[in-house]
Student: 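This is the structure I have questions about; it appears just below.
Note that the coordinates shown come from a computational prediction; the quantities given were computed from them, not determined experimentally. All chains are named by letter (A, B, ...) in the order of the sequence lines, taking the proteins before the strands, and each is independently numbered beginning at 1.
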There are 2 protein chains.
Amino acid sequence: PMEIRHLLAQWIESQDWEAASNNEAMATILLQNLLIQVDEQLDRVSQEKNLLLIHNLKRTRKLLQGKYHGNPMHIAVIISNCLREERRILAAASMPVQVMSHISLIYSISFLCHCEHQSNFSLSSPLGKMTDQDVKYLEDLQEEFDFRYKTIQSLEQSDKNSALIKQEMLALQAMLNTLDYKRKEVLSKIGRVIHEIDMLMSNMLTEELLDWKRRQQIACIGGPLHGGLDQLQNCFTLLAESLFQVRRQLEKLDELLTRLTYDGDPIPVQRPQLLEKVNFLLYNLFRNSFVVERQPCMPTHPQRPMVLKTLIQFTVKLRLLIKLPELNYQIRVKCNVLHSNRRFVLCGTHVKAMNMDESANGSLSVEFRHLQPKEMKSSAGSKGNEGPHMVTEELHSISFETQVCLYGLTINLETSSLPVVMISNVSQLPNAWASIIWYNLSTNDPQNLSFFNNPPAATLSQLLEVLSWQFSSYVGRGLNSDNVFCFVF
Amino acid sequence: PMEIRHLLAQWIESQDWEAASNNEAMATILLQNLLIQVDEQLDRVSQEKNLLLIHNLKRTRKLLQGKYHGNPMHIAVIISNCLREERRILAAASMPVQVMSHISLIYSISFLCHCEHQSNFSLSSPLGKMTDQDVKYLEDLQEEFDFRYKTIQSLEQSDKNSALIKQEMLALQAMLNTLDYKRKEVLSKIGRVIHEIDMLMSNMLTEELLDWKRRQQIACIGGPLHGGLDQLQNCFTLLAESLFQVRRQLEKLDELLTRLTYDGDPIPVQRPQLLEKVNFLLYNLFRNSFVVERQPCMPTHPQRPMVLKTLIQFTVKLRLLIKLPELNYQIRVKCNVLHSNRRFVLCGTHVKAMNMDESANGSLSVEFRHLQPKEMKSSAGSKGNEGPHMVTEELHSISFETQVCLYGLTINLETSSLPVVMISNVSQLPNAWASIIWYNLSTNDPQNLSFFNNPPAATLSQLLEVLSWQFSSYVGRGLNSDNVFCFVF
DNA sequence: ACAGTTTCCCGTAAATGC
DNA sequence: TGCATTTACGGGAAACTG
């Protein structure tokens, strides 16, 4: 096996990697060369008993021959399998190879730089608070006016002409003017707060969330760990609190309105549309706040999320980023498999209520623990829409739905996991894992189940990126260099 | 380990085996000696990595210490396990040991002599046939009489006095006498046939069947193979055919009776009790003919019947020894687990119709193939009647019931397997197998589920007997000597 | 604490489907 | 016929349970 390793090492070292990573023709030459070499190796090795070697060579050949949709991620899987197997041997013998170190470093470092940015905003108190005192002031004002007005009304007709009363009437008129002014001011302030929240949500928050989701994808396939959701949760929660506060203020205004109104009163004109806007924002906020915090994963394969085996249990964790105490145990989440060609059901308790704490840092979340997928054979072989040919490239998705009822609002929530691959035997795990890598590397679409109907070609640079991740996820961040290819051959 | 082996070999060779096999005190000494030696061995071996050896030593110690109810069958299991493991090594290296050869030979040969007796009766045609022509004759006679009698009746009154007619009347009278005689004769013949069948059944047939069942028990625990049921089936079938024929004859007599009767007619007096007797015999015959031809067994453990693992499928074959073509596909057998402390249900199709042929030599039988036991946890821990302490000594039984409807008879049949042991993991198989050996060696009761509440002591002779069987069942009948004990230590 | 018992699930082999 | 996929189940380890 030495010849191939050397050949490969030399070839790799002599390349201009800046160019190669964008040059698919060069990648093609590499692959074709490898195919010939691998065939030779396989002939030579076939009488030996090294099953792992033969297995890996066969997989490599299949890959190079263009099976697996030409998905080069299989090579990453082969290599990481070998890494896992030989980790101890590696540690002990520290084989003398240094190819690819700079490549993997370049990619991993460049990616890390890109990924390790911090959330650059935070809110410390509800935005709605700033208008609270205005409303309070308005209420006091109106109450005083009310009292004094009623007092005057209750006087005898004869008394109404006294100078004192006249003066009082003037004062009341002035108060009414102030009140009108204040009403307009409060409404306008509320409008501004709403607008501010809207901006925050549509610009930074959504972007930040998408970013987190992308980082989750990368982390799932072995990339650098991504931060938690606590930052985002704080933000979501504060925004929700603000919106609810504004809603209460608007209700208060309605109450004030029923007690006192007048020509040119701004409340009946502006309040409805403000309320509608608040509700719309709340609705949006809640929809975005319902996320899959930990993607589905078999506990025995923590390094291989999104690959699920039939009749073997898996785990998945949902979280609501709006953490209001009154929602504790109120949100019953239900999960289901979106059926693709094959149809699956989930056995185990698939309805569960979200609750706080549960040993996590008090997040409002729920973890399904003992779900296990079970195939429902469709007696009528309705293989109508022919998807991908291999089951390990058939994408499914687990969807979650729930309903939030709070303060008279009823909001239906729905989200779903990243695509998962259903297998029936661990022997299919490597293939399935390659599919998962390819998907999450190529797209940030959270649910493109027909990805493999027409998959994008994966580039060599992507391959190397993943190799680096897989490598570091098995060997540890510190030991992220040394040759990787040598384990294949 | 050599010391023990030698010690044991010397000890065994120096004994008077004729005496030892009846002398339990001597057996006790042997066991106590062994215990000390085993403990020493275990101390010495404990740092080695020979897991099989340690495992066997531990089991042996437990056994000698009087766990397992003092059941020495565990040693047979240990040894046969080792045999299976080391069969190849044995064949290759042919270890130089010759202890115990004569012992195992003595027991196996003596048993074989006892078992290989032949069924010593056979029937070639229905017993009922011999009376068939009598009934036919009777019918013809009666018909002729009838015709001639009616002819006379139809004549004019004037003609009735002619001499010719008078003569005819006398002839008819004579015929009536013959008829009466024949009726009596037929009834008596039928009675004799019934008696003969009764004798055959209660003496030879039942005994022969019990014998077959006992031989089945022995064969299950590794003893010599026992013959099939074809001999018995022929006998049962012929007896059933005979009885049904007699029944038809009795019906014919009833028909003749309705057409003609007279003072002193024997039919109304004797027929009812004869019919009752026939029905009774048929009922008995059917009940005995419903047998478990192959006891429940996991296909992957053909050498260990009656040990069933939860959620692993097993096979069991039922047979009706009365093979009448009209019963093909008519007998729907249903199976169930008789619940003991733990409660089990059988998953899979547990109702199936008996049919002929099915690649067997045309027997009327049904094989349940994909049954699998599943424990039903009783939420209310009703462990009322405390049975044996270990699950591997808890006996269950699988019962089978069906209904035969034939020629207006309806007969409920029921039978059950020998006791089975339910395990949940293969690791329990050796213990369970020891229980099965002990049971079937000690009793021929087909269903004593409380056997282990107060099990009989097993004798050394029984142990040696079983050892011999286990030995030969793994090594083959030809190679039935050489030391066995040496594999334990 | 502990032993008996069950559950879990990988990995090989065999069966099945296509 | 061959390959893709599923089923079957032993065996080791972990979890459960009285």
Side-chain angles (χ1 to χ4, degrees), chain A residues 51-52 55 58-59 62 65 67-68 81 84-85 297-302 304 307-315 341-342 344 347-348 369-379 381 383 386-394 421-432 435, chain B residues 51-52 55 58-59 62 65 67-68 81 84-85 297-304 307-315 341-344 347-348 369-383 386-394 421-432 435:
Chain A
L51 288 181
L52 186 64
H55 176 245
K58 280 192 178 166
R59 274 179 66 79
K62 245 183 180 173
Q65 280 171 344
K67 311 205 173 172
Y68 305 141
N81 269 338
R84 184 160 49 172
E85 287 293 324
C297 184
M298 295 186 283
T300 42
H301 297 270
R304 308 268 141 114
V307 181
L308 307 182
K309 183 177 158 186
T310 52
L311 298 178
I312 297 299
Q313 58 196 44
F314 67 91
T315 289
N341 261 353
R342 297 177 295 163
F344 292 88
C347 300
R369 267 174 215 280
H370 302 290
L371 292 172
Q372 47 188 45
K374 183 183 160 106
E375 183 167 1
M376 302 301 281
K377 303 283 184 189
S378 55
S379 51
K383 295 259 175 179
E386 24 73 59
H389 190 227
M390 323 238 302
V391 283
T392 48
E393 292 185 351
E394 192 181 295
V421 172
M422 298 292 197
I423 59 177
S424 62
N425 191 296
V426 246
S427 62
Q428 297 168 312
L429 204 147
N431 285 8
S435 300
Chain B
L51 288 181
L52 186 65
H55 176 244
K58 280 193 178 164
R59 274 180 64 80
K62 245 183 182 173
Q65 279 170 346
K67 312 208 172 170
Y68 306 138
N81 269 338
R84 184 159 52 172
E85 290 292 324
C297 184
M298 295 188 282
T300 42
H301 297 271
Q303 309 276 2
R304 308 267 142 117
V307 181
L308 306 182
K309 182 177 158 187
T310 52
L311 298 178
I312 298 297
Q313 55 196 45
F314 67 91
T315 290
N341 258 353
R342 297 176 295 162
R343 178 179 316 214
F344 292 87
C347 298
R369 267 174 214 281
H370 302 289
L371 292 173
Q372 47 188 47
K374 184 183 160 107
E375 183 166 359
M376 302 301 281
K377 304 283 186 190
S378 56
S379 50
S382 59
K383 296 259 178 181
E386 25 72 60
H389 190 228
M390 324 239 302
V391 282
T392 47
E393 292 185 353
E394 193 180 295
V421 173
M422 299 291 197
I423 60 177
S424 63
N425 192 297
V426 247
S427 62
Q428 296 168 311
L429 204 147
N431 285 7
S435 300

Student: For nucleotides 8-14 of chain C, give me one character per nucleotide, 5' to 3': B if any protein heavy atom sits under 4.0 Å from the base, S if the only such contacts are to the sugar-phosphate, - if neither.
Tutor: BSBBBB-
Student: Residues in side chain to side chain contact (heavy atoms under 4.5 Å, CB included) with B:Gln313, at least two apart?
Tutor: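 For B:Gln313 the side chain to side chain contact (heavy atoms under 4.5 Å, CB included) partners, ignoring immediate neighbours, are B:His370, B:Gln372.
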Student: Rounding to an integer number of Å, can you tell me how far B:Asn341 CG sits from C:dT5 P?
Tutor: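 Nearest whole value for this atom pair: 12 Å.
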Student: Enter the inter-axis angle for the ends of the helix from C:dC2-D:dG18 to C:dC18-D:dG2 (five pairs per end, rounded to 10°).
Tutor: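 Computed from the C1' atoms at both ends, the axes differ by 30°.
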Student: To the nearest angstrom, how far is B:Asn431 atom CG from C:dA3 atom P?
Tutor: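 It is 15 Å, rounded to the nearest whole Å.
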Student: List for me each residue that meets side chain to side chain contact (heavy atoms under 4.5 Å, CB included) alongside B:Ser427, sequence neighbours excluded, and say none if there are none.
Tutor: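 With sequence neighbours excluded, B:Ser427 shows a side chain to side chain contact (heavy atoms under 4.5 Å, CB included) to B:Asn425, given in chain and number order.
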Student: Rounding to a whole Å, what distance do you find between A:Phe344:CZ and D:dT5:P?
Tutor: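 To the nearest whole Å, that distance equals 12 Å.
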Student: Does some side-chain heavy atom of A:Val391 sit less than 4.5 Å from a side-chain heavy atom of A:Gln428?
Tutor: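 A side-chain contact under 4.5 Å exists here.
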Student: Between B:Gln303 (CD) and D:dG10 (C1'), how many Å, whole number?
Tutor: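 Taking atom C1' of D:dG10 as the reference, CD of B:Gln303 is at 17 Å.
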Student: Rounded to whole angstroms, how far apart are CZ on B:Arg342 and P on C:dT5?
Tutor: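 One finds 8 Å between P of C:dT5 and CZ of B:Arg342, rounded.
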Student: Among A:Ile423, A:Thr392, A:Val421, whose side-chain contact (heavy atoms from CB on, under 4.5 Å) with A:Asn431 holds?
Tutor: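 Considering A:Ile423, A:Thr392, A:Val421, a side-chain contact (heavy atoms from CB on, under 4.5 Å) with A:Asn431 is found only for A:Thr392.
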Student: Which residues satisfy the side chain to side chain donor-acceptor pair (under 3.5 Å) test with A:Thr315, sequence neighbours excluded?
Tutor: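 A:Thr315 satisfies side chain to side chain donor-acceptor pair (under 3.5 Å) with no residue once adjacent residues are dropped.
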Student: Rounded to whole Å, please give me the gap between CD in A:Glu393 and P in D:dT5.
Tutor: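 Result: 9 Å.
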Student: Check side chain to side chain contact (heavy atoms under 4.5 Å, CB included) between B:Ile312 and all other residues, then give those that pass, not counting sequence neighbours.
Tutor: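 For B:Ile312, the residues satisfying side chain to side chain contact (heavy atoms under 4.5 Å, CB included) (neighbours in sequence not counted) are B:Met298, B:Lys309.
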Student: Expressed in angstrom and rounded to an integer, what is the separation of B:Leu429 atom CG from C:dG4 atom P?
Tutor: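 After rounding, the gap between these two atoms is 17 Å.
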Student: Quick one: A:Ile423 CD1 to D:dT5 P, roughly how many Å, whole number?
Tutor: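 About 12 Å, once rounded to whole Å.
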